[in-house]
Amino acid sequence: MRIEDYALVGDLQTAALVGRDGSIDWCCFPRFDSGACFAALLGTPDHGRWLLAPQGEIRRVTRRYRHDTLILETVFETDDGSVRAIDFMPPRGEAPDIVRMVEGLDGEVPMRSELAIRFDYGSIVPWVRRVDHARVAIAGPDAFCLRTPAEIRGEDMTTVSEFVIRPGERVPFVLTWFPSHRPLPDEVDPEQALADTEEYWLDWAGTCRHTGDYHDEIHQSLLVLKALTYGPTGGLVAAPTTSLPEWIGGIRNWDYRFCWLRDATLTLVAMLNSGYRDEAVTWRGWLLRAVAGSPADVQIMYGIGGERRLEERELDWLPGYERSKPVRVGNAASEQLQLDVYGEVLDALYQTRAHGGEPDDHVWSLTRKLLEWLEDGWRRKDSGIWEVRGPNRHFTHSKVMSWVAFDRAVRYHEEFGREGPFERWQELRDEIHAEVLARSWCEEKQAFAQSYDSDRLDAAVLLMPLVGFLPATDPRVMSTVAAIRRELSVAGLLLRYLPEDGGAVDGLPPGEGVFLACSFWLASVLALQGADDEARELFERLLDLRNDVGLLAEEYDPVGRRQLGNFPQAFTHLALVGTALTLAEGRSMRDPG
């Protein structure tokens with residue numbers, strides 16, 4: 001299936017992707033970054049999946065989430081009748097569950113469940129046995145128990161159930177993970193779990209304070225961001241998947257099941273602008289724990305528990321999504337220097353305080369330590385926002401975000417009375433600003449370039465007005481936007497930078513789709529420039545790229561008309577929220593003004 005044929009269910013510990021055909025083809029237990037127990041997404045059904053669907057030909061499929069929840073309802077229509085599948089993961093204790101229910105709507109529909117558990121990304125077939133009215137699968141440290149009133153049997157290393165569903169009947173299946181050395185977890189009442197799950201998500205949705213234009217679109221994306229949060233620590237994964245390709249058949253296949261400081265801080269700002277202060281406080285605690293140590297050792301990403309070592313390796317037994325290899329776990333970019341994260345973090349800490357967060361001496365101590373390193377560190381070359389695997393450069397966006405770090409520190413002093421060498425910070429803020437204007441400007445292109453003394457364009461410079469570096473109506477910003485639209489547009493959507501520049505910039509062969517966040521940034525800047533109709537037209541077009549349940553991946557292929565990259569992608573949904581707020585409120589959520 002195409003990437004957009006999947007929907008997400010999650011429990012704030014991990015997540016699963018459910019296909020339109022009723023197959024769960026990706027899930028990692030017990031955490032987002034654990035080894036996958038269903039890895040058919042990157043291989044075949046033999047690498048693990050859980051199919052629950054009508055046995056006959058399916059004539060029509062419609063899906064939706066119950067309003068303001070992550071409870072997925074899929075209606076299958078067949079010649080024998082129709083059924084509704086209800087899939088969800090209850091946010092609860094240490095034993096995560098997938099609950100699947102089949103409800104008869106019309107006629108008598110033969111159903112089939114095929115559960116093929118394969119631990120360690122499809123490489124390990126567990127032992128399966130019957131224990132206390134449950135089927136238990138065990139291999140190494142992992143175990144699952146399956147409980148259902150339906151009759152089940154073993155067939156070709158798969159647990160199979162066949163039954164007929166009639167109108168008004170419901171047949172539940174509950175799959176629960178537990179450590180293999182522990183006794184069976186308590187039995188879950190599926191109907192009670194459904195009610196509890198719905199109550200949880202509705203209570204969370206009720207906290208949202210945003211009203212006005214695009215409320216539903218904003219809240220749907222906030223729901224995705226909440227689902228990508230690891231509840232025990234507050235860390236946010238960039239996506240629940242690894243190695244979904246940025247171009248079919250290409251090698252740009254990365255593991256996104258980790259916490260990027262950039263994504264986490266932008267999520268915090270989005271949540272703050274919508275009234276979710278608890279998420280901000282939780283994230284702030286995660287940050288303080290994760291970055292503890294020398295400011296020079298701050299990483300761009302961490303594990304969901306704050307882990308630092310995220311070594312990258314390849315899984316050669318998986319053929320990859322549509323033969324896109326290699327399949328990678330871990331991410332070597334964790335060792336890169338990306339200066340923009342310092343600005344992202346300090347902006348988030350400032351925004352938390354500006355939105356009414358309680359003052360915290362530890363937060364201010366962290367702020368000063370980071371700035372102390374950045375006083376000299378901002379002058380270094382780095383890998384940039386796109387995590388290039390080519391030579392480091394003086395990337396414009398990195399310098400702009402270094403400016404943001406000192407700007408927010410000065411504001412912290414002016415608005416909240418915090419003490420520090422603010423005159424020094426003012427001087428550095430002004431020095432960075434002047435240097436960017438002098439060295440990033442390309443006279444030939446009449447645009448700010450990707451890096452110092454270059455003529456390459458980069459959509460990341462669209463963030464300059466969104467963080468307050470220059471007004472959106474500054475003539476240099478206006479001409480930069482025009483240049484980017486001329487050079488980087490494909491069917492009206494934006495690439496990060498030109499494909500022919502790819503090898504020279506990032507050290508990898510060309511081949512990727514348009515980067516959806518960049519087009520959202522363009523819509524935001526257009527709105528701030530007064531081109532409201534044009535901005536809304538672009539935004540509405542981007543909304544139309546969402547799948548039937550409102551999810552977006554990282555990139556898009558305008559020719560093949562399909563989503564690309566890891567899915568669903570936090571960064572894309574963050575950009576969606578930012579643009580929606582800009583259109584609704586006439587301001588950038590990141591520019592303190």
Side-chain angles (χ1 to χ4, degrees), residues 6-18 24-38 41 48 50 52 65-74 85-101 115 117 142-147 172-179 182 185-205 207 220-241 256-259 267 276 278-279 282-283 286 303-305 549 551 567-568 570 573:
Y6 289 95
L8 176 79
V9 295
D11 63 357
L12 309 185
Q13 296 184 61
T14 188
L17 294 188
V18 187
I24 297 178
D25 287 347
W26 180 258
C27 187
C28 304
F29 271 114
R31 307 191 338 169
F32 289 105
D33 57 352
S34 300
C37 56
F38 302 136
L41 180 68
W50 186 4
L52 179 59
Y65 286 117
R66 287 193 183 180
H67 184 62
D68 282 341
T69 77
L70 271 191
I71 299 170
L72 178 68
E73 296 185 339
T74 305
I86 304 171
D87 294 311
F88 63 97
M89 296 176 68
R92 59 188 212 90
E94 295 181 357
D97 313 292
I98 299 175
V99 180
R100 314 193 75 180
M101 294 181 176
L115 175 63
I117 298 170
D142 298 298
F144 276 110
C145 72
L146 174 68
R147 293 184 171 109
F173 294 78
V174 180
L175 184 68
T176 303
W177 178 92
F178 64 101
R182 299 284 296 275
D186 293 337
E187 190 166 350
V188 174
D189 180 337
E191 295 291 346
Q192 186 62 50
L194 177 60
D196 291 346
T197 301
E198 185 168 24
E199 181 181 10
Y200 173 86
W201 287 112
L202 290 177
D203 284 349
W204 186 80
T207 307
Q220 174 65 25
S221 286
L222 291 178
L223 192 69
V224 173
L225 296 171
K226 178 66 173 176
L228 298 181
T229 302
Y230 183 63
T233 65
L236 173 97
V237 296
T241 56
Y256 277 13
R257 298 170 301 151
F258 306 113
C259 301
T267 300
Y276 290 103
D278 288 348
E279 278 70 16
T282 300
W283 173 87
W286 176 86
I304 55 179
V549 290
L551 303 182
F567 174 87
H573 284 276

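The analysis underlying the following values was restricted to heavy atoms, covering all of them including side chains, and did not include hydrogens, waters or symmetry mates.
Looking only at side-chain heavy atoms (C-beta outward), Asp11 and Asp97 stay at 4.5 Å or farther from each other. Proximity of Gln220 to His573: side-chain heavy atoms (C-beta onward) are nowhere separated by under 4.5 Å. Within the 4.5 Å cutoff, the side chain of Val237 has no heavy atoms near those of the Tyr230 side chain. Looking at heavy atoms from C-beta onward, Leu8 lies in side-chain contact with Pro240 at the 4.5 angstrom threshold. Taking 4.5 Å as the limit, some side-chain heavy atom of Glu198 sits within range of a side-chain heavy atom of Ile71. Under the 4.5 Å side-chain criterion, counting only non-hydrogen atoms from C-beta, Met89 is in contact with Thr14. For the pair Ser34 and Phe29, the minimum side-chain heavy-atom distance is 4.5 Å or more. Under the 4.5 Å side-chain criterion, counting only non-hydrogen atoms from C-beta, Tyr65 is in contact with Leu70.
Between Tyr200 and Pro91, the closest heavy-atom pair is CD2-CG, 3.7 Å. Nearest heavy-atom pair across Asp25 and Tyr6 is OD2-OH, 2.7 Å. Nearest heavy atoms, Ala7 versus Val549: CB-CG2, 3.9 Å. The two residues Phe88 and Pro190 have their closest heavy-atom pair at CZ-O, 3.9 Å. In this structure, Ala16 and Ile98 approach most closely via the heavy-atom pair CB-CD1, 4.4 Å. The two residues Arg66 and Glu73 have their closest heavy-atom pair at NE-OE2, 2.5 Å.
With a 6.0 Å radius and a threshold of 12 heavy atoms from other residues, nucleotides or ligands, Asp203 has its CG atom above the threshold.
Qualifying salt bridge (Lys or Arg N to Asp or Glu O under 4.0 Å) partners for Glu199, counting only residues two or more places apart in sequence or in other chains: none.
The aromatic rings of Phe144 and Phe38 sit parallel, their planes meeting at an angle under 30°, below the 60° perpendicular limit.
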Side chain to side chain contact (heavy atoms under 4.5 Å, CB included) between Thr197 and Thr69: does it pass, once the steps are laid out? CA-CA 8 Å; Thr197 301; Thr69 77; over 6 Å; no
Start with the C-alpha distance between Trp50 and Asp87, add both sets of side-chain angles, then the distance that settles side chain to side chain contact (heavy atoms under 4.5 Å, CB included), and finish with yes or no. CA-CA 12 Å; Trp50 186 4; Asp87 294 311; over 6 Å; no
Let's go through Glu187 and Thr176 carefully: what are the C-alpha distance in whole Å and the side-chain angles of both, what is the deciding distance for side chain to side chain contact (heavy atoms under 4.5 Å, CB included) to 0.1 Å, and is it a yes or a no? CA-CA 9 Å; Glu187 190 166 350; Thr176 303; over 6 Å; no
